[in-house]
2 protein chains.
Amino acid sequence: MGISKIDKMHSLSKNQQIIFDLIDKSPEPLKAYTILFNVQKKGIKAPLQVYRALDKLVEIGKIHKIESRNAFIACHNSSCQVAKATAFSICEICEKVTEISSAGLSKYLANFKDKDGMKYNKYNLEFFGLCKKCR
Amino acid sequence: MGISKIDKMHSLSKNQQIIFDLIDKSPEPLKAYTILFNVQKKGIKAPLQVYRALDKLVEIGKIHKIESRNAFIACHNSSCQVAKATAFSICEICEKVTEISSAGLSKYLANFKDKDGMKYNKYNLEFFGLCKKCR
DNA sequence: TAACACTATGTAATAATATAACATTTATAA
DNA sequence: TTATAAATGTTATATTATTACATAGTGTTA
Ligand SMILES: [Zn+2]
Ligand SMILES: [Zn+2]
Ligand SMILES: [Zn+2]
Ligand SMILES: [Zn+2]
């Protein structure tokens, strides 16, 4: 059997897998140095090892960076395999972050043209407000 | 005459004015330590003095933070006196940043509801692509 | 296999971004 | 005036991210 090309595209290296697993099972976005602290028992000892894995995971769309928080969250939106078009809601009290998956929103933004008629191939949108629990 | 209440709302302290002037006349977003370097001759010597002024200027909507770049730009959109709803286009080659002022876009986002029907009172959107010159 | 290119890893040092803590001064308003 | 809030000055420190260089693994192909 071996590993097919498609499988290969999604296979992660050792450090990438360790760090992805941690982010994926976290209920909240994780910061780079929180990740570092939590993977030291697995042999990842230096910031650069974390940042390299994060860069790659962002590049292939397995995780996203929440720019306003300098934190990373696993992608839970099957339609964004490429880290190209992301939208999140962020609670300003409890800091809960949810990836928004709205066909209407992504269609609107993908087709948005600025006043020069320019379209953009990539965007990141962060909504802020209060989540259900914190209202 | 004196200073009216409306004028007062827009008056800036000494450090705030120095830092706003620098950002306002810059053709590109400025980073905090670039600002610090450029205002040292005016007596602002410590990072905290810069960050405090930046915080205030963001709060009152005179400047915005470009989160993906950790940089600050003056507001050129008369309708966003409050730092609540911001949208930018960012060129991935030359890093030119432009504030987007589109009634349609702001209306769409202000009225956007997530799948729970939640609305959010604040957002930041960053579009990425190539500007006219870099295409 | 051997040679090559490419990706990933390990490690140390350092750069860049941002905040904590505390003392003092200035502006505003009752 | 007196109280209050806002802004400033200063030192130290915390947090986030990259540079530089050496080594090891992986996949391809001659
Ligand atoms: Zn996603
Ligand atoms: Zn909440
Ligand atoms: Zn603005
Ligand atoms: Zn450009």
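Computed from heavy atoms alone, side chains included, the values below leave out hydrogens, waters and symmetry copies. No experiment lies behind these values; they were computed from the predicted model shown. In what follows, chains carry the letters A, B, and so on, assigned in the order in which the sequence lines appear, proteins first and then strands, with residues in each chain numbered from 1.
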Establish, with yes or no, whether the OP1 or OP2 oxygen of [N] is under 4.0 angstrom from a side-chain nitrogen or oxygen of [X].
X: B/Ser13; N: D/dA6; value: no
X: A/Gln49; N: C/dG10; value: yes
X: A/Lys14; N: C/dA8; value: no

Round to a whole Å and report the spacing from [atom1] of [X] to [atom2] of [N].
X: A/Ile19; N: C/dA8; atom1: CD1; atom2: P; value: 13 Å
X: B/Leu57; N: D/dA7; atom1: CG; atom2: P; value: 10 Å
X: B/Gln16; N: D/dG9; atom1: CD; atom2: P; value: 12 Å
X: B/Leu12; N: D/dT8; atom1: CG; atom2: C1'; value: 15 Å
X: A/Leu54; N: D/dT16; atom1: CG; atom2: P; value: 12 Å
X: A/Ile35; N: D/dT16; atom1: CD1; atom2: C1'; value: 12 Å
X: A/Ile18; N: C/dA8; atom1: CD1; atom2: C1'; value: 13 Å

(message) So A/Leu12 and A/Leu57, do their side chains get closer than 4.5 Å, heavy atoms only?
(response) yes
(message) When you compare the side chain of B/Ile66 with that of B/Phe88, does any pair of heavy atoms fall below 4.5 Å?
(response)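 In contact.
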(request) Could you tell me whether A/Tyr120 and B/Phe128 have their ring centroids closer than 6.0 angstrom? (result) no
(message) Regarding A/Glu67 and B/Ser68, do their side chains bring together a donor and an acceptor under 3.5 Å, going by distance alone?
(response) no
(request) State whether a side-chain donor-acceptor pair under 3.5 Å links B/Asn124 with B/Thr86. (result)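 There is such a pair (donor and acceptor under 3.5 Å, judged by atom type) between the side chains of B/Asn124 and B/Thr86.
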(message) Run the salt bridge (Lys or Arg N to Asp or Glu O under 4.0 Å) test against A/Glu28 and tell me which residues pass, sequence neighbours left out.
(response) none
(message) The side chain of A/Ala46 is closest to which nucleotide in this list: D/dT8, D/dT11, C/dT11?
(response)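 Closest of the options to the side chain of A/Ala46: C/dT11.
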(request) List the protein contact pattern of nucleotides 14-25 of chain C with one symbol per nucleotide (5' to 3'): B for base contact, S for sugar-phosphate-only contact, - for none; contact means a heavy-atom distance under 4.0 Å. (result) ---BBBBB----
(message) Which residues pass the side chain to side chain donor-acceptor pair (under 3.5 Å) test with A/Ser26, not counting sequence neighbours?
(response) none
